[in-house]
Amino acid sequence: MTEAEGGRRIAVLGEMLELGDEALEAHKAVGRMAAENNVDLVVAVGGHLAKQLALAAGAAGVPDVAIVADNATAAAFVGSLLRPGDVVLTKASRGGMLWQVAQALTGQPVTGL
């Protein structure tokens, strides 16, 4: 997608599990990377590490940042904001099951593991 098409870049990002001692810095790095890639909205899903990701994204220049506790809330929130031309990326550890957000946004049945 090009910016001329008018769509926004929305990233729904969940916590990355099993990173051990590197977890905090890795989540902050992902937040900064969202800004570097001109993401317009970061929706961080989860707890403490998601909050750190969101804070880093905002500090690095992402214009809009939200933190939600779970996938259902993320899907409802993003769904309420979507406009034609928007692009949504969902990414987390497999355990975060963010495919549920993509399924909900595209009208598919939401599945678990």
Is there a path from Leu49 to Val30 through hydrophobic residues (I, L, V, M, F, W, Y) whose side chains come within less than 4.5 Å of each other? no
Using every non-hydrogen atom in the two residues, find where Gly61 and Ala35 come nearest and quote the distance to one decimal. N-CB, 4.1 Å
How close do Leu53 and Leu13 get, heavy atom to heavy atom, and via which atoms? CD2-CD1, 3.9 Å
Side-chain donor or acceptor of Thr106 paired with backbone N/O of Ala102 under 3.5 Å: yes
Just how far is it from atom CG of Leu89 to atom CG of Asn37, taken to the nearest 0.5 Å? 10.0 Å
Nearest heavy-atom pair of Gly96 and Asn71: which atoms, and what distance? O-ND2, 3.0 Å
Is there a path from Val12 to Leu41 through hydrophobic residues (I, L, V, M, F, W, Y) whose side chains come within less than 4.5 Å of each other? yes
What distance separates Arg8 CZ from Asn38 CG, expressed to the nearest 0.5 Å? 15.0 Å
Determine whether Val65 and Val45 fall in the same hydrophobic cluster, where Ile, Leu, Val, Met, Phe, Trp and Tyr are linked whenever their side-chain heavy atoms lie under 4.5 Å apart. no
Ignoring hydrogens, what is the shortest heavy-atom contact between Val42 and Ala34? Give both atom names and the distance. CG2-CB, 3.7 Å
Side-chain donor-acceptor pair present, Gln103, Thr111, cut-off under 3.5 Å: yes
Are Trp99 and Val101 grouped together when hydrophobic residues (ILVMFWY) are joined by side-chain heavy atoms under 4.5 angstrom apart? no
When you measure from the side chain of Asp86 to the backbone N and O of Arg83, does any donor-acceptor pair fall under 3.5 Å? yes
Show me the pairs that pass salt bridge (Lys or Arg N to Asp or Glu O under 4.0 Å) and involve residues 31-41, at least two apart or across chains. Glu25-Arg32
How close do Ala92 and Glu15 get, counting heavy atoms only, and between which atoms? CB-O, 3.9 Å
Less than 4.5 Å apart, any side-chain heavy atom of Val43 and any of Val68? yes
Working to the nearest 0.5 Å, report the span between CD of Glu22 and NE2 of His27. 12.0 Å
Nearest 0.5 Å please: distance from the CD1 atom of Ile67 over to the CG atom of Leu55. 5.5 Å
Looking at side-chain heavy atoms only, is the closest gap between Val78 and Leu105 below 4.5 Å? yes
Per the side-chain hydrogen bond (donor to acceptor under 3.5 Å, both in side chains) rule, what does the pair list look like for residues 43-69, sequence neighbours excluded? none
Nearest-0.5 Å distance that lies between atom CG in Leu82 and atom CZ in Phe77: 10.5 Å
Heavy-atom pair of closest approach, residues Ala66 and Ala54: O-CB, 4.5 Å
